[in-house]
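Let me begin by presenting the structure, written as structure tokens, before commenting on it.
As the structure lists them, so they are numbered: ligands from 1, and atoms in each ligand from 1.
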Amino acid sequence: MDFQLTEEQLAVQAAAREFAQNELWAGVIERDEHQKFPAEQIKKMGELGFMGMMVSPEYGGGGMDTVSYVLAMEEISKVDASCSVIMSVNNSLVCWGLEKYGTEEQKRKYLPRLTSGEIIGAFALSEPEAGSDATSQRTTADDKGDYYLLNGTKNWITNGTTASVYLVVAQTNPELKHRGINVLIVEKGMDGFQTAPKENKLGIRGSDTCSLLFTDVKVPKENRIGEDGFGFKFAMQVLAGGRIGIAAQALGIASGAYELSLKYSKERKAFGVPISQHQAIQFKLADMATNIDAARLLCLQSAHDKDAHQDYAKSGAMAKLFASKVAMDTAVEAVQIHGGYGFVKEYHVERMMRDAKITQIYEGTSEIQKIVISREILK
Ligand code: CAA
């Protein structure tokens, strides 16, 4: 792996940093407190090319590599992890999957609007009884000739109420188990498709998460992605790439909490000196900085593997497993360094602590990442 970033990658990183620092800080506390969706910010992110970074320019994307995507995700997550999860799902789970496996017609129909930020996409796999155990899909897509009849419920869907396009995982042939699963493109407004009210969450409160309800939704056959029965492999592949994005999100939350802690420790005085001069604080900062650098290397390694067309299931899972723990640990220590100030909203680190937790849960819990890693090691 080349440790030197290219000029293009540095430019993407600088643009994402400038956008996040100038346009996301204002209002981030309010968006979190009132669960306000960052509609304007996402529109701007689309205009700047952050919503379809890896999609080829032919379909309106930025044609960038995964390393650039990781760099941008880190910068945006430093300030607002709600914006970055919306970005991550749109880029990794929706646009990437559509470009890789969609038909020419599907790509032309959806990608230009998804990459420009005009519309947002969602990925619907989890169900009331199928989260970690993703093969146990209860949502059914019965083959009716020209169309599939979709019935069932999906849970915890990021961009659930705001998306216009949903990639929905459903079982067509239960006797074939996971090989009978399909992924269908469902559009908002299709008869029989409803979204439930959004969940009241601990963190990433600016992003919307809800259940989806399908009752006899007729989805045209041409909306299936890939061959009949390809759905589970599709889901596993997009999630493998998605984990790199969430690892970068976790890295960004950790870096954001660390940067605030470093600044605060130089300003806040106790016992006559800035608290950064006390060894108790220095040890915390040293641990944070070391863990963040290690997490960044894992993120870049997995992004590099994907760009080099090497297997990235293991390195992506490792990056997510490690970076999400670093995010949680760093955010908890950031609150500790800030003392009482860390416990109130104005200092941001309490939000980062709440936001960090989801990175150990979605796109596969930490336990799922260990399953993926150990299977790769042992095979
Ligand atoms: N690429 C391609 N195919 C893959 C794959 C990959 N990375 N990983 C597995 N597969 C294939 C296997 O080859 C196998 O296919 P065949 O049987 O045809 O050979 C098939 O998938 C089933 O694999 P397993 O037998 O390993 O499946 P399993 O039931 O043991 O489960 C698991 C494996 C890793 C636990 C998987 O179920 C999993 O990843 N679970 C977690 C799901 C998840 O991440 N959910 C998050 C929801 S999305 C989300 O959170 C988005 C958001 O809102 C932010």
Quick one: does Gln282's side chain have a donor or acceptor within less than 3.5 Å of a partner on Ser276's backbone?
yes
Counting N and O atoms only, with roles assigned by atom type, does the side chain of Lys221 sit under 3.5 Å from a partner on the main chain of Gly145, one being a donor and the other an acceptor?
yes
Does Gln41 reach the main-chain N or O of Cys83 with its side chain, forming a donor-acceptor pair under 3.5 Å?
no
Could you tell me whether the side chain of Ser116 and the main chain of Glu118 form a donor-acceptor pair under 3.5 Å?
yes
Contact between Glu367 and Lys370 at the side-chain level, heavy atoms closer than 4.5 Å - yes or no?
no
Check whether any side-chain N or O of Ser92 sits under 3.5 Å from a backbone N or O of Val89 as a donor-acceptor pair, and report yes or no.
no
Less than 4.0 Å from some atom of ligand 1, heavy atoms are found in residues Val89, Leu93, Leu125, Ser126, Gly131, Ser132, Ala134, Thr135, Trp156, Thr158, His178, Arg179, Phe232, Lys233, Met236, Gln237, Leu239, Arg243, Tyr362, Glu363, Gly364, Ile368, Val372, Arg375
